Chemist: 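Just dropping this structure here.
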Amino acid sequence: MRICWRRLCILHRPTFLSWRRPQRRLNPLPLATRHFPTGDPRRARGFASARECTGSRTPDLFALNKQISHLVRAGRLGEARAVFDAAECRNTVTWNAMITGYVRRGAMARARELFDGMPERDVTTWNLMISGYVSCRGSGFVEEGRELFERMLERDCISWNTMISGYAKVGRMDEALWLFQRMPERNVVSWNTMVTGFLRNGDVERAVGFFKEMPERDSASLSGLVSGLIRNDKLDEAARIFLEHGNPDGREDTVGAYNTLIAGYGQRGRIEEARYLFDLIPFGNDRGEGGAQKFVRNVVSWNTMIMSYVKVGNTVAARELFDQMTERDTFSWNTMISGYVHMSNMEEASKLFQDMPNPDTFTWNTMISGYAETGNLEFARDLFEKMPQKNLVSWNSVIAGYEKNEDYKGAVVLFIQMLTNGEKPDRHTLSSILAVATGLVDLSLGLQIHQLVNKIVNPDVPINNSLITMYSRCGAIVDARTSFDEVNLQKNVITWNAMIGGYASHGFAAEALELFKLMKRFEVRPTYITFISVLSACAHVGLVEEGRRHFLSMSKEYGIEPTVEHFASLVDIVGRHGQLNEAFDIIKGMPMKPDKAVWGALLGACRVHDNVELARVAAEALMQLEPESSAPYVLLYNMYADAGRWDDANKVRMMMERNAIKKCKGYSRVDSPQ
DNA sequence: GTAGGGTTAG
């Protein structure tokens, strides 16, 4: 299948093809200074066409500031700026509102330009700028923040807190602590910032120490500690401290901390603890009459608890809670539906889907992927066509569904449709389509997708693994190796398996085994898949002893129990070497039923080493396993014929005719010897 | 303008 990208681009101009990662702007933008060619320094900066009204708040000014704030909150910065520029009269609040817009968007160069051009700044202005610099992504702007902080004449508590949180964000807790110790007065936020700062940087001990030392705590202190501890995998400690401190400021938002803990336990499958906490949340008025604990379970508590049950596959318990809820939101419905979908119970899922008042895109996508996963492409496609609003996940779900059900052409058609619709593929799309190229063994498609990968996503281990698999399946083993070497960041076991498997299946046994050695040197734990490749490599080059050793080391060193595939390889290794009886003994000693690969390996070995009797055993086993296959008959016939045992050969032929086995092309010798 | 808080799809 060939996709003509160029034609697609010309016809439909998918925007992503010319898409570039945005560059960070470091220097202030040159604004339209030429419109104000007077000598006024403020004009020279390009702003001051307005009269500055620093005095009384006129109603006009109030409305103007409100309007700018409103536009900024809605993210409509361009409009906000137009209003700002057109204003006849401004005060500091006006300027601050506009700066807020730029700061929130991370456009610090623009913010700075306004800041530099302002006639009068207040503490809020300075704090805004510092906050903008220190929360800028990329962490390169703390110094700019600090510079402003140092230049401030009157700092308030927020200035200090902002600066401290800036250092905490970039991991410089020493600097944060230095400021904390020197600030003239601290409030509860200062303390909270330090606690969460330590937690953010993995210093659990000092975080807990600071928490205990705090002169006063509020619900944010507790929530911050709880969530930070959970992020540091200290779930039990979080629960202990939380239960010890209860509800510090008597506010209802403590229920958030309960929910955090329930989610923490739920996500780790510790359902009993999650349920215990859920039951502990003061519920209604029954425990809160004194007024001390009036907060109740909210809809998120219910959803989180349902999610916990869904996670461990207990849809019955989840449904019980779901039915008890008096108020459900879309999360409740979606979680419950996704629970059924995960258990492949599409019947219940679709019942809920029909009952759900306002299914959203999430719901539709869940149903689509559910049908796709259970092999019902028709339903998946039908929903996909009918859904009122598709998003990227919708496309990805349906494409992945086609790929998993091996309808590769359908997947490619959908992918092209997706591009022509102007949707930009992401790593999920690309990895599906790479799997499609692998399934089709279509190198040309694979190469095109590789180009697309380079263009639109950052290097990423799973994608690179898919590339390795694609190239090696398409026989481009050198390209596979190139992709393998490009995963210099963090090769995972799949990376190694893909490359070792690629080498093994193309007969590069030495390279496969060499890589396996290297893998162990990098202390990557092999999986059963690794051993399938390793054993097959050993079989290819006749490394009997090494093969045996690897087979034994599987369970001994790595605790991996050999599967039927490993046994097939072992039989192959031993049998090819001529040790047919040992091979047969291995089969007899297998803990599971030998499959056709196992018997096939023995039969092949018997053919090579001319052991007709054992060949008969193997062939008969194969005939039972695969009654329609002609191969065992043909092989056995040939062996008898070669040995001159024509009676036996003819018996095989008669048997074949009796069972109405059709001969396959490529086994012409069946007819020729006579 | 500073600290914290939960849940759903590929």
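A, B, ... follow the sequence lines: proteins, then strands. Residue 1 opens every chain. Predicted model, so just to flag it, every value in this text is computed and none were measured.
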Chemist: Of A:T366, A:N365, A:D360, which is the lone residue that meets side chain to side chain donor-acceptor pair (under 3.5 Å) with A:N334?
Modeler: A:D360

Chemist: Could one point to a donor on the side chain of A:N303 or the base of B:dG6 with an acceptor on the other under 3.5 Å away?
Modeler: no

Chemist: Grab the CE-C1' distance between A:M367 and B:dG10 for me, whole Å please.
Modeler: 15 Å

Chemist: Report yes if the side chains of A:M98 and A:V103 come closer than 4.5 Å at any heavy-atom pair, otherwise no.
Modeler: no

Chemist: Give A:D329 one of three labels, base, sugar-phosphate or nothing, depending on what nucleic acid heavy atoms sit under 4.0 Å from its own.
Modeler: nothing

Chemist: Look at the side chain of A:N391 and the base of B:dA9, then say whether one donor and one acceptor between them are separated by less than 3.5 Å.
Modeler: yes

Chemist: Check DNA chain B against residues 150-158 of chain A and give the residues with a non-hydrogen atom under 4.0 Å, in numerical order.
Modeler: A:D156, A:I158

Chemist: Rounded to whole Å, how long is the line connecting atom CG of A:L222 with atom P of B:dG6?
Modeler: 14 Å

Chemist: Looking at A:K234 and A:E237, is any side-chain nitrogen of the basic one under 4.0 Å from a carboxylate oxygen of the acidic one?
Modeler: no

Chemist: Answer yes or no: does a side-chain N or O of A:K390 lie under 4.0 Å from OP1 or OP2 of B:dG10?
Modeler: no

Chemist: Partners of A:N405 by side chain to side chain contact (heavy atoms under 4.5 Å, CB included), sequence neighbours excluded?
Modeler: A:L377

Chemist: Once hydrogens and angles are ignored, does a donor-acceptor distance under 3.5 Å link the base of B:dG5 to the side chain of A:T260?
Modeler: no

Chemist: Could you please spell out the steps behind the side chain to side chain donor-acceptor pair (under 3.5 Å) verdict for A:Y371 and A:R381?
Modeler: CA-CA 9 Å; A:Y371 281 127; A:R381 181 60 181 262; over 6 Å; no

Chemist: Quickly work out the A:N232 CG to B:dG4 P distance and round it to whole Å.
Modeler: 14 Å

Chemist: With no angle test and no hydrogens, is the base of B:dG4 tied to the side chain of A:D218 by a donor-acceptor pair under 3.5 Å?
Modeler: no

Chemist: Sequence neighbours left out, what passes side-chain hydrogen bond (donor to acceptor under 3.5 Å, both in side chains) with A:T125? Give chain and number order.
Modeler: A:N96, A:D122

